[in-house]
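Have a look at the structure below before the remarks.
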Protein chains: 2
Amino acid sequence: MAPKTRIADVAAAAGVSTATVSRALSAPGVVGPETLKKVMAAVEATGYRVNAAARDLRRQRARSILVLAPNLANTFFSRIIAAIQEVAGQAGLAVQISDSRAGPEVLQSLGHDGRADGIILLDGALPPEVVRGWRLPVVQLCEWNDAYALPALGIDNAAAAGLAVTHLADLGHGAILHVAGPPENVLSRTREAGFLAAARARGVAARVLPGDFTMASGAQAARDWQAMADRPSAVFTASDECAFGFISECARMGIAVPSEVSVVGFDDVEFAGHFIPPLTTIHQPRAKLGRAAAERLVAALEEGVPLKSGHETIAPHLVVRGTTAAAG
Amino acid sequence: MAPKTRIADVAAAAGVSTATVSRALSAPGVVGPETLKKVMAAVEATGYRVNAAARDLRRQRARSILVLAPNLANTFFSRIIAAIQEVAGQAGLAVQISDSRAGPEVLQSLGHDGRADGIILLDGALPPEVVRGWRLPVVQLCEWNDAYALPALGIDNAAAAGLAVTHLADLGHGAILHVAGPPENVLSRTREAGFLAAARARGVAARVLPGDFTMASGAQAARDWQAMADRPSAVFTASDECAFGFISECARMGIAVPSEVSVVGFDDVEFAGHFIPPLTTIHQPRAKLGRAAAERLVAALEEGVPLKSGHETIAPHLVVRGTTAAAG
DNA sequence: CGGCGCAATGTAATCGATTACATCACCCTT
DNA sequence: AAGGGTGATGTAATCGATTACATTGCGCCG
């Protein structure tokens with residue numbers, strides 16, 4: 001009925017001033033118990049809800065955080081965002097999401113229009129000048145970019161690649177092929193570097209084929225691999241999707257996994273455990289990552305805990321399933 | 001550098017009044033060309049960005065829509081949300097997401113705090129009194145609830161079930177098992193009803209087992225089906241996940257799909273086409289649904305186009321892949 | 001040449017909540 | 001009994017942008 005009730009309406013109904021209503025709602029301890037009761041009754045009666053815009057304006061806070069991700073449709077992000085929303089929601093902060101591939105001006109204003117108090121950035125490929133122009137606390141998650149000079153959180157990608165190499169070497173594979181991700185991506189580069197370092201350390205032969213994280217690039221890699229003179233007996237791909245593509249193409253070519261070739265993926269996406277055969281892969285704790293990033297940002301925002309600068313990594317682990325076996 | 005520049009700063013820099021700056025930015029046509037140039041230069045020089053809270057307060061608009069979904073981690077929603085964000089972003093509206101499983105008070109205020117101008121609701125299981133209490137335009141998407149008395153948009157679930165039945169009957173299957181979804185869910189009920197009606201119309205025997213959309217319930221259904229005296233040769237599940245569970249369990253029991261049993265899923269999730277064998281399933285055009293809902297809401301918000309009440313359905317279609325074959 | 005109309009700009013009220021500061025009542029101490 | 005403290009409440013300034021209304025200056029018409 002009442003289209004909008006303002007704090008003044010509540011004050012009138014309760015027979016007190018607006019200041020008292022405001023205090024009753026945000027600091028119940030400082031108003032008298034009698035008054036508190038009256039105010040609460042009036043709030044109930046009028047169906048009052050604070051106007052967020054007015055409060056935000058006065059408080060110079062939006063009680064909201066912004067999550068920026070490239071390609072929101074990517075299922076990799078959904079669990080992360082869910083975890084962020086959970087933590088933020090508990091702290092009473094709203095979560096706004098936006099595609100980080102929007103134009104620079106749009107991105108620029110996102111950090112300046114006062115709609116958000118902080119940003120969680122899941123993209124390492126934005127123009128540094130835009131990112132550095134933001135005057136808000138920002139946490140980089142999963143991907144990062146040193147040019148931003150911002151705190152970052154993610155798994156240790158190099159160590160993760162090492163886990164894959166160790167696992168395969170332990171199974172007796174003397175040569176391993178890595179299907180890399182797009183070269184402009186930090187994650188790709190770190191994983192590839194980690195792979196090469198671990199292979200060298202372990203004394204196994206290393207080969208690398210280009211890729212771009214997609215299923216199609218995995219299938220292409222399978223064909224290229226099949227045509228090699230001396231095929232490595234094990235493959236480590238830069239993403240699960242790529243591994244799926246590789247394995248599917250092998251199936252099409254009549255090559256059995258894992259008996260003829262072992263495959264290790266990266267990410268442990270929802271589906272990895274249900275693929276046939278279930279995929280051995282590096283697990284990225286997405287919920288934990290989302291939660292950790294949100295907790296840090298919320299702490300910075302609510303309690304003024306400064307964000308630790310520099311990289312913080314979470315240890316990944318390998319999930320051994322059905323796509324790896326001892327070398328024949 | 002400048003921690004925050006207000007419109008007054010720009011006005012001072014340009015030597016005009018704040019009113020002129022405001023007009024230059026929001027209605028460039030009404031200020032003189034000279035003045036416009038000066039203002040723009042001043043905006044550039046000071047790095048001014050409007051303060052969204054102040055503008056929202058004054059305009060009584062938030063330029064933001066809220067998407068409410070149960071379980072944001074569910075990958076089914078990510079593509080829908082991406083499409084919503086795309087449409088909203090083009091219209092200059094922010095997208096806020098929240099878990100619809102939050103407490104009633106939280107939900108209540110979401111519709112009243114002035115942070116959002118409209119809501120896209122992906123959940124049909126919220127308390128009707130909360131939903132009806134919102135004084136904002138709301139569009140229900142995918143799921144719906146008649147008690148809300150709100151416009152709804154989704155695929156025609158009954159017709160979709162009919163497509164599955166027709167396909168299987170055409171392949172010569174004389175009996176079909178339906179693994180249903182949770183009975184409290186409208187989608188489950190509509191799909192089941194559509195299934196039964198189509199089976200009756202087509203003259204094929206229909207059986208139903210309970211389920212809840214999950215992979216585990218699909219696996220359980222497979223075991224129950226395996227134990228049946230006269231097993232139907234075809235299965236239609238209420239979700240893709242359920243179909244994956246059914247098929248995986250069949251594989252474990254040594255039953256081949258599709259030669260020994262045909263399976264049709266529902267949703268056409270990202271992974272359906274890459275499952276082995278690729279899943280025959282009902283395709284839900286998620287991007288299209290998200291876009292359509294967002295377009296309607298944006299039109300209602302921006303141009304005052306009233307929301308059509310009642311259900312609006314989009315025709316689904318069947319994607320035939322590798323889990324269905326002619327009855328043996 | 002006086003006045004009307006129009007275009008450009010300025011002045012100040014407004015959106016709704018928060019909060020610094022002022023006020024008041026009451027009690028306690030000396 | 002005067003003075004000082006304490007706790008509860010009211011008054012009014014404030015956050016920053018928008019916009020109704022007022023003002024100014026100029027050209028044009030009769």
Side chain of B/R58, base of C/dT14: donor and acceptor closer than 3.5 Å? yes
Rounded off to whole Å, could you give me the CZ-to-P distance for the A/R6 and C/dT14 pair? 12 Å
Would you say B/Q60 reaches C/dG16's phosphate, i.e. side-chain N/O to OP1/OP2 under 4.0 Å? yes
For residues 101-111 of chain B, which side-chain N or O atoms pair as donor and acceptor with protein atoms under 3.5 Å away, sequence neighbours left out?
residue	atom	partner	partner atom	Å
B/R101	NH1	B/D123	OD1	3.1
B/R101	NH1	B/D123	OD2	2.3
B/S109	OG	B/E105	O	2.9
B/S109	OG	B/V106	O	3.1

Pairing donors with acceptors under 3.5 angstrom, does anything connect the side chains of A/Q140 and A/N145? no
Heavy-atom pair with the smallest gap, counting every atom of A/S309 and A/P151: CA-CB, 4.0 Å
Using atom CG of A/D113 as one end and atom P of D/dA17 as the other, report the distance to the nearest whole Å. 11 Å
Count the heavy atoms belonging to other residues, nucleotides or ligands that lie under 6.0 Å from CD of B/Q60, then report whether that count exceeds 12. yes
Whole-Å distance between D/dT19 P and B/R61 CZ? 12 Å
Give the rounded distance in Å between these two atoms: CG of A/L57 and C1' of D/dT18. 12 Å
Output the rounded distance in Å from CG (B/L25) to C1' (D/dA17). 10 Å
Quick one: is C/dG16 close enough that its OP1 or OP2 comes under 4.0 Å of any side-chain N or O from A/Y48? no
Does the side chain of A/Q85 pick up a donor-acceptor pair with the side chain of B/D99 at under 3.5 Å? no
Pair B/I97-B/I81, side chain to side chain contact (heavy atoms under 4.5 Å, CB included): steps then yes or no: CA-CA 9 Å; B/I97 58 173; B/I81 295 177; 4.2 Å; yes
In whole angstrom, give the distance that lies between atom CZ of A/R55 and atom P of C/dC15. 20 Å
Applying side chain to side chain contact (heavy atoms under 4.5 Å, CB included), run through A/T35 and A/T20 and close with a yes or a no. CA-CA 8 Å; A/T35 318; A/T20 301; 3.7 Å; yes
To the nearest Å, how far apart are B/K38 NZ and C/dA8 C1'? 11 Å
Using a cutoff of under 3.5 Å, can you pull out all pairs of nitrogen or oxygen atoms linking the protein to nucleotides 9-11 of chain C, with atom names and distances?
residue	atom	partner	partner atom	Å
C/dT9	OP1	B/T35	OG1	2.2
C/dT9	OP2	B/G32	N	2.7
C/dT9	OP2	B/T35	OG1	3.3
C/dG10	OP2	B/S17	N	2.8
C/dG10	OP2	B/S17	OG	2.9
C/dG10	OP2	B/T20	OG1	2.6
C/dG10	N7	B/R23	NH2	2.9
C/dG10	O6	B/R23	NH1	3.2

To the nearest Å, give me how far apart CG (B/N51) and C1' (D/dT14) are. 13 Å
